[in-house]
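Reading through the structure tokens given below for one structure.
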Amino acid sequence: SKNRFPNKKELVQALSHKKDSGVPLAGRQDILNQINHILQEASYLKQVIVQPIGVFGSGRGWASSTLYNGALRRNIPVFEVIDELTAQTAQSRLQEKNALLIIDRYGMSAPSGICTFELKITPLRLADIRRSVYAFAPKTTNLAKESERLHRLSGGIPAILLPILEKNT
């Protein structure tokens with residue numbers, strides 16, 4: 001299956017949300033679809049603000065990096081807001097009326113008239129964890145029970161799941 005990881009290293013990279021992981025984590029296709037939609041919209045809208053929404057450890061950083069790199073590949077000017085100073089810079093850049101995709105990880109107040117998207121990052125579902133465990137350790141005995149245990153312990157949060165997987169596999 002195309003959702004399986006060929007080896008432990010690639011699963012660990014995907015779970016770690018490294019920019020160059022290469023293989024998306026099982027259950028992350030919806031986020032990639034949202035990113036693709038946002039990039040399509042940003043390619044013809046002049047200015048766009050994107051707000052990654054999700055609980056701590058859910059993959060907002062990974063999603064933001066994926067969006068940022070996707071914008072660069074499509075030659076869409078992109079700027080990331082991470083604090084008050086970068087929020088002020090973004091406000092100034094928006095007033096220049098030039099094309100710009102802003103990734104707002106801070107919570108800036110969006111000027112009226114600027115198209116704003118929420119990039120929703122949800123926790124992993126039980127099925128996503130099961131597919132990832134199977135890809136990572138296909139010989140796991142009682143895959144369903146182990147996946148349920150990992151889902152219960154991590155709450156589907158990749159940042160919590162990774163250390164548990166590393167310790168127990």
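Quick note: numbers below take in every heavy atom, side chains included, and nothing from hydrogens, waters or symmetry partners.
Formation of a donor-acceptor pair under 3.5 Å by the E118 side chain with backbone atoms of P52 is not found in this model.
Nearest approach of P163 to A159, heavy atoms of both residues: CD-O, 3.2 Å. Contact between A26 and S132 at its shortest, heavy atoms only, is CB-OG, 3.4 Å. The nearest pair of heavy atoms linking G156 to I129 is CA-CD1, 4.1 Å.
Residue L72 is grouped with residue V48 when hydrophobic side chains (ILVMFWY) are merged at heavy-atom distances under 4.5 angstrom, including chains of intermediate members. Residues I114 and L45 do not share a hydrophobic cluster, clusters being chains of Ile/Leu/Val/Met/Phe/Trp/Tyr side chains in contact below 4.5 Å. A continuous path of ILVMFWY side-chain contacts below 4.5 Å connects L32 to V78, so both sit in one hydrophobic cluster. Note on M108 and Y68: separate hydrophobic clusters, where clusters join Ile, Leu, Val, Met, Phe, Trp and Tyr whose side-chain heavy atoms are under 4.5 Å apart, directly or indirectly.
A distance of 5.5 Å separates CD1 in I35 from CG in L67, rounded to the nearest 0.5 Å. Taking CZ of F117 as the start and NE2 of H37 as the end, the distance is 5.0 Å to the nearest 0.5 Å. Between the CG atom in D83 and the CZ atom in R105 there is a gap of 11.5 Å [rounded to 0.5 Å]. The CD1 atom of I121 sits 11.0 Å away from atom CD1 of I157, with the distance rounded to the nearest 0.5 Å. For the atom pair CG (L39) and CZ (R74), the distance works out to 4.5 Å, reported to the nearest 0.5 Å. Atom OG1 in T116 sits 4.5 Å away from atom CD1 in I49 (nearest 0.5 Å).
Tested against Y106, the residues E84, Q51, E80 include a single side chain to side chain donor-acceptor pair (under 3.5 Å) partner, E84. Across T89, D104, I103, a single residue satisfies side chain to side chain contact (heavy atoms under 4.5 Å, CB included) together with V81, and that is D104.
Considering only heavy atoms from C-beta on, D128 comes within 4.5 Å of R131 through its side chain. Using a 4.5 Å heavy-atom cutoff, the side chains of S147 and L126 are in contact. At a threshold of 4.5 Å between non-hydrogen side-chain atoms, the residues N36 and I38 do not count as touching. Contact annotation: the side chain of D30 never approaches that of K120 to less than 4.5 Å [non-hydrogen atoms, C-beta and beyond]. With contacts defined as side-chain heavy-atom distances shorter than 4.5 Å, the pair L161/L153 does not qualify. With a 4.5 Å cut-off on side-chain heavy atoms, Y44 and Q40 do not count as touching. Using a 4.5 Å cut-off on side-chain heavy atoms (C-beta onward), C115 and E41 make no contact. The side-chain heavy atoms of F79 and L100, taken from C-beta on, include a pair separated by under 4.5 Å.
R93 has no carboxylate O lying under 4.0 Å from a charged side-chain N of E96, or vice versa, which leaves the two without a salt bridge.
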**Report entry** Pair L119-I53, side chain to side chain contact (heavy atoms under 4.5 Å, CB included): steps then yes or no
**Finding:** CA-CA 6 Å; L119 177 54; I53 307 293; over 6 Å; no
Query raised in the report: Passes side chain to side chain contact (heavy atoms under 4.5 Å, CB included), I102 versus V50? Steps please.
Result: CA-CA 6 Å; I102 292 175; V50 180; over 6 Å; no
